[in-house]
There are 2 protein chains.
Amino acid sequence: MGRIGLTTDRLVRAGAELADEVGFEQVTASALARRFGVKVASLYSHVRNSRDLKARIALLALEELADRAASALAGRAGKDALTALADVYRDYAREHPGRYDASRFRLTPEEAVAGAGRRHSEMMRAVLRGYDLTGPEQTHAVRLLGSVIHGYVSLELAGGFSHSAPDPQESWSWTLDSLDTLLRTRAAR
Amino acid sequence: MGRIGLTTDRLVRAGAELADEVGFEQVTASALARRFGVKVASLYSHVRNSRDLKARIALLALEELADRAASALAGRAGKDALTALADVYRDYAREHPGRYDASRFRLTPEEAVAGAGRRHSEMMRAVLRGYDLTGPEQTHAVRLLGSVIHGYVSLELAGGFSHSAPDPQESWSWTLDSLDTLLRTRAAR
DNA sequence: ATCATTTGCCTAAAGCATATAGGCAAATTA
DNA sequence: TAATTTGCCTATATGCTTTAGGCAAATGAT
């Protein structure tokens, strides 16, 4: 049988697609090999092991998210920037639930730093620069913002808000609105 | 070899302990059997399968959490109740990380309703009754509150805030303070 | 163009988790 | 004490992970 041209990159991208289709948990070396019509052992020349594969998918998702966030933030400030950033995460999670789950994969500190981890927190800080917060408060706000976004997105994704009025979109708008008010109030304090 | 008195209940409780020790992901029928010094197949008389075991651990965690929340809320109102409830989740997650993860296990709607799911949302609503919110706003607030608590706790648990100043406890207080202010403002609007 | 080297995918095999079937002895009930 | 139920067992099948070693295709050197 000829070679079909596996590469780490193709595996990772296919893994990301698989994650969106069947869930990040179900992304397995076996399933991936099956998808490429190849024997499992063949993957091990391209990824170290199963954990490595998942970590790479996580890094891919984080990069994609950071790219989207960077575009969304360009030319925006204040509440506009806040909602743009928050929407990036929420939209990404709805379009790519498996990848979003992947982005929550617990990476080692080195992996996270080498990857897009830093870009994400810098963008959060950039958004918050639009609200005049003092040093420690800025960190509190970064943490709050991260918590609200991740918390909302993951509860919504898990189906926590489904089949109940009002529409989750309304709650989302209300939440971002509240967050904006809150941050402005804190700044003015 | 004689019988050692396995029951579904003992398995689930041991599974919860195992989760706290090695992580909810690593809770496996094999590991549990090993812990009881019993063959794996023996567990299958007490739990339907691996997923069933995990779901039962999830339900246990949700009940424990609901019990703690109920005690914590007794005799409290307003901000006092808000922080008490939030602290219950955060403290539980720190004391029992595996169980907390378990409580996020995706249950079927029936399982969730039969279990403590309803108690939790009712307690959230009870806390929010202390802030005079109109109908739909109350739901928005329930969702916001759930998002902030779950988001903060899970980011903190994942190590997102570790090794960076200021102390996560400060951000937590600041967050709850902000949330209280926010809800009072919304109510007064 | 040919030979040497590297590389990619293969087969084989071991380890461990899930799950089912069927058996025997201990516990329970009559 | 006999009959029945129940609890844990062995045996077995299936699936995912991972390593070792092999052969042929691709690549590079002369």
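For the numbers below, each heavy atom of this structure counts, side chains included, while hydrogens, waters and symmetry mates do not. Just so it is clear: chains get the letters A, B, ... in the order the sequence lines come, proteins before strands, and each one is counted from 1.
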Please determine if a side-chain N or O atom of B/Ser30 lies less than 4.0 Å away from the OP1 or OP2 oxygen of C/dT18. yes

Separation of D/dT17 P from B/Gln26 CD (nearest whole Å): 14 Å

Which nucleotide wins on minimum distance to the side chain of A/Arg3, given the candidates C/dA19, D/dA24, D/dC9? D/dA24

Is the phosphate of D/dT17 approached by A/Ser50 (side-chain N or O, under 4.0 Å from OP1 or OP2)? yes

Shared hydrophobic cluster, A/Leu11 / A/Phe105 (ILVMFWY, side-chain heavy atoms < 4.5 Å): yes

Give the nucleotide from the list C/dA17, D/dT17, C/dC9 with an atom nearest to the side chain of A/Val40. D/dT17

Tell me which nucleotide among D/dT10, D/dC16, C/dA12 gets nearest to the side chain of A/Thr28. D/dC16

Does a nitrogen or oxygen in the side chain of A/Ser42 sit under 4.0 Å from OP1 or OP2 of C/dC10? yes

Which nucleotide, D/dT10, C/dT18, C/dG8, lies nearest any side-chain atom of B/Lys39? D/dT10

N or O in side chain of B/His46 less than 4.0 angstrom from D/dC8 OP1/OP2: yes

Under 4.0 Å, counting only non-hydrogen atoms across every strand here, what does A/Arg51 touch: a base, just sugar-phosphate, or nothing? nothing

Gap between atoms CZ and P, on A/Arg35 and D/dC16 respectively (whole Å): 14 Å

Nearest-angstrom distance from the residue atom CG of B/Leu6 to P of C/dA27: 14 Å

Just how far, in rounded Å, is C1' of C/dA19 from CG of B/Leu32? 16 Å

Measure the distance from OH on B/Tyr44 to C1' on D/dT10 and round it to the nearest whole Å. 16 Å

Side-chain donor or acceptor of B/Asp20 paired with backbone N/O of B/Arg99 under 3.5 Å: yes

In whole angstroms, the gap separating P of C/dT18 from CG of B/Leu11 amounts to 13 Å

Nearest to the side chain of B/Ala41, which nucleotide is it out of D/dA11, C/dC10, D/dT17? D/dA11

Please determine if A/Arg68 forms a cation-pi arrangement with A/Tyr92, meaning its NZ or CZ atom is less than 6.0 Å from the six-membered ring centre and no more than 45° off the ring axis. no

Answer yes or no on whether B/Arg186 is positioned over the face of A/Trp174, meaning its NZ or CZ is under 6.0 Å from the six-membered ring centre and within 45° of the axis. yes

Atom CZ of B/Arg34 and atom P of C/dG15: how far apart are they, to the nearest Å? 14 Å

A/Lys54 NZ to D/dT18 C1': how many Å, rounded? 15 Å

Ignoring hydrogens and angles, tell me if any N or O in the side chain of A/Glu63 forms a donor-acceptor pair with the backbone of A/Leu60 under 3.5 Å. no

